[in-house]
Number of protein chains: 2
Amino acid sequence: MLRYAMARTDERFRSAYNRLLDICSDMEVGDQLPAETALADRMDVSRTIVRSALQKLDSDKLIRWEGRSKMLIRKPQAEHRLVPAESALSAEELEHSFFEWILRFDVPAGTSLNVAQLSRQFGVPVHNLQEFLAGLSRLGLVERRPRGGWSLLGFTSEFAIELSEFRMLLELNAVRQLLTLPADHEIWNRLKVLRREHEDLKSVIAERYHDFSLLDEKFHSAINSVVRNRFVLEAQKLIKLIFNYHYMWDKRDELERNAAAIDEHLEWIDAMLERDSERSEAAAIKHLRRSKETLLQSLRVHKFA
Amino acid sequence: MLRYAMARTDERFRSAYNRLLDICSDMEVGDQLPAETALADRMDVSRTIVRSALQKLDSDKLIRWEGRSKMLIRKPQAEHRLVPAESALSAEELEHSFFEWILRFDVPAGTSLNVAQLSRQFGVPVHNLQEFLAGLSRLGLVERRPRGGWSLLGFTSEFAIELSEFRMLLELNAVRQLLTLPADHEIWNRLKVLRREHEDLKSVIAERYHDFSLLDEKFHSAINSVVRNRFVLEAQKLIKLIFNYHYMWDKRDELERNAAAIDEHLEWIDAMLERDSERSEAAAIKHLRRSKETLLQSLRVHKFA
DNA sequence: ATATTGAGTTTAATAATTAAAAACATATGA
DNA sequence: TCATATGTTTTTAATTATTAAACTCAATAT
């Protein structure tokens, strides 16, 4: 059966066929296979797939299929298995590849993006890229060009400033909400654990300063976790994305920056543990302002590198 | 030249051809048409289009085209014009139609959306809908289903609550920023004008209560205008969308609601004009809380209507 | 009767096709 | 001669066509 054009992959068929081989392996020659519906249920595919798989088993002389009789003629061997088509990147992996590309190569704002080329570059169907870029356009990171194609918008200094300010808005709100939580809320314990982890890392910062970025994310996630709001969450996803990628590529003064950040975090944690809202906000603002400056500097350095 | 399949509309060709007819009409029989590049520049299309249009003019015996000689043989008549294909909805119109449909028919959360059907319903190419839904998925309004298709998520009570809380977060931030602005900033004048407009509408509210929704939007836009941040702006676009559509369809107690809202706005404006931050925030919170309740009630009423 | 099958229909994703643009090569006339 | 126009080819991207997969329901066998 030679196919000329395959409008969509038959990956579902392939994996179902292989699972059907497994089922046959567990049976004896001469046994009857279950009903089409039973197989479909068991393998979580439609009967259409089950029937095409049975057809192939029949034409490969592994079963004799006549009406509702599906008798195993011989046991399947390794060579009968179909090779699964390598699956494309998932939506998340695409996002990762895309941002890594942007930041690693400092792709400038205004760059025109074309789906066909990106599709080859990332090994992802054009369709997925269309969808991905359409999503980014809602976040204001890319823009549709008048007659086809997309244009990269973000990653200018203005972008970084506005993102940082938005981050500050969200995190200060989180801090305010956090301070209203009762003493038996799990956040207080989490903060105490985080405090200890910060102290631990501080004592070995000279060697282990690389470990800070993980702790940083853990800390900010904890703060933000008290806000249960899908819009805030969605915004934080973007913020995490951008800040993380920048930290990943900006290695200047990493030890000094991280050591200073640990102290800022500690002051912030202490203020919250003492339920001192004024001091907490001040500490938060101080840390977030410095974060913003770091992001901005990293952008500047990359621009003239 | 019979065409079997047209992969994309030749609307650009049609309008260019018609404009070329206009150019011919302004010429005398025997005159020479300008060069291809000149025509392309003048009509803002590629030479490819100019050349296909010239080809049609030639085969329709309106010009004789040989090399760089393009002589007008006879003047074009009305019947020569090509009828332009009716253009599909723009992205904004699609958004409008989509939300109107959702809210007018109270499409419940969890409804499965399929692009083919929506494409027929809204008269928009499937492609555009894919893109539109991909954008909404970034806003958390729809979700891709495991094996194709989309699923409507939003418009539950939780959605409304979270949206309202997010709105409050953003608007309180705007108020705080607004109160730090210097006395000669244009916002103060805008607020004074708005105050007057509220008073005016209040005096004729019994007859003109419908006019409030416009004033409401104007007021909130003014407040938010002091925040120059693309993320905040993007979020406000969504908020405006949802709140506006709800007001549009929820007509219960409209007079009472709007009269009360005007008073709340006035108290809020006065507090800001007096630079009283505590009173301003209190007024804002009061108004935004009531707005939230209204949105929630409107959802409940529609659900059981 | 009831579960199962066969056939036909519908849906949705991707490949193929085509309009349009851009790039490149060649020719022409001031 | 050289700037400009034309002819040709290549690339890009939007839409249609096609196909895999799912669904539906009447017919059939146990």
Side-chain angles (χ1 to χ4, degrees), chain A residues 1 3-16 32-41 44-55 65-70 85 88 112-120 124-131 133 144-150, chain B residues 1 3-16 32-41 44-55 65-70 85 88 112-120 124-131 133 144-150:
Chain A
M1 177 170 56
R3 285 198 189 80
Y4 290 90
M6 187 137 49
R8 38 190 294 186
T9 66
D10 56 354
E11 182 50 33
R12 228 172 133 65
F13 166 79
R14 284 158 184 273
S15 72
Q32 288 288 332
L33 278 163
E36 293 173 12
T37 36
L39 287 171
D41 275 3
D44 192 32
V45 292
S46 70
R47 264 184 59 221
T48 310
I49 297 221
V50 171
R51 286 171 66 82
S52 9
L54 287 173
Q55 207 132 55
W65 187 24
E66 280 161 335
R68 53 190 60 187
S69 156
K70 304 173 278 287
S112 74
L113 309 170
N114 92 58
V115 274
Q117 194 256 310
L118 292 175
S119 157
R120 282 190 295 271
V124 161
V126 179
H127 186 254
N128 290 18
L129 262 155
Q130 286 288 5
E131 228 167 65
L133 291 175
R144 218 176 203 319
R145 305 243 299 289
R147 279 196 299 285
W150 299 83
Chain B
M1 179 170 53
R3 283 197 192 80
Y4 290 90
M6 188 137 49
R8 39 192 292 186
T9 66
D10 56 355
E11 182 50 34
R12 228 172 135 67
F13 166 79
R14 283 159 185 273
S15 72
Q32 288 289 331
L33 277 162
E36 293 172 12
T37 36
L39 287 171
D41 275 2
D44 191 32
V45 292
S46 70
R47 262 184 62 220
T48 310
I49 297 215
V50 171
R51 285 172 67 83
S52 10
L54 287 173
Q55 207 133 54
W65 187 24
E66 281 161 336
R68 53 189 61 185
S69 156
K70 303 173 280 286
S112 75
L113 309 170
N114 91 56
V115 274
Q117 193 256 309
L118 292 175
S119 156
R120 282 191 295 272
V124 161
V126 179
H127 187 253
N128 291 15
L129 262 155
Q130 286 288 6
E131 223 166 72
L133 291 176
R144 212 168 210 324
R145 304 242 301 288
R147 281 194 298 285
W150 299 83

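Lettering follows sequence order; numbering is per chain, from 1.
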Quick one: A/W65 CH2 to C/dT5 P, roughly how many Å, whole number?
8 Å

What's the shortest heavy-atom distance between B/V115 and B/L129, and which atoms?
O-CD1, 3.8 Å

Would you mind telling me which of C/dT4, C/dA13, C/dT11 lies closest to the side-chain atoms of A/T37?
C/dT4

Return the set of residues passing side-chain contact (heavy atoms from CB on, under 4.5 Å) with B/S15 (not counting sequence neighbours), or none when no residue passes.
B/E11, B/R19

Which whole-number value in Å describes the distance from B/L129 CG to D/dA14 P?
15 Å

For the side chain of B/E36, counting heavy atoms from C-beta on, which of C/dA19, C/dT4, D/dG7 is nearest?
D/dG7

Measuring to OP1 and OP2 of D/dA5, would you say a side-chain N or O of B/K70 lies under 4.0 angstrom away?
no

A/R47: which residues meet the side-chain contact (heavy atoms from CB on, under 4.5 Å) condition with it, sequence neighbours left out?
A/E36, A/T37, A/A40, A/R51

B/S69: side chain to side chain donor-acceptor pair (under 3.5 Å) partners, not counting sequence neighbours
B/Q32

Quick one: what's the B/S/- string for nucleotides 22-30 of chain D, heavy-atom cutoff under 4.0 Å, read 5' to 3'?
BBB---B--

Could you work out, with side chain to side chain donor-acceptor pair (under 3.5 Å) as the rule, every residue matching B/Q55, not counting sequence neighbours?
none

Considering residues at least two apart in sequence or located in another chain, which fulfil the side chain to side chain donor-acceptor pair (under 3.5 Å) criterion with B/R144?
A/E131

Does the side chain of A/Q130 get closer than 4.0 angstrom to OP1 or OP2 of D/dA14 through an N or O atom?
yes

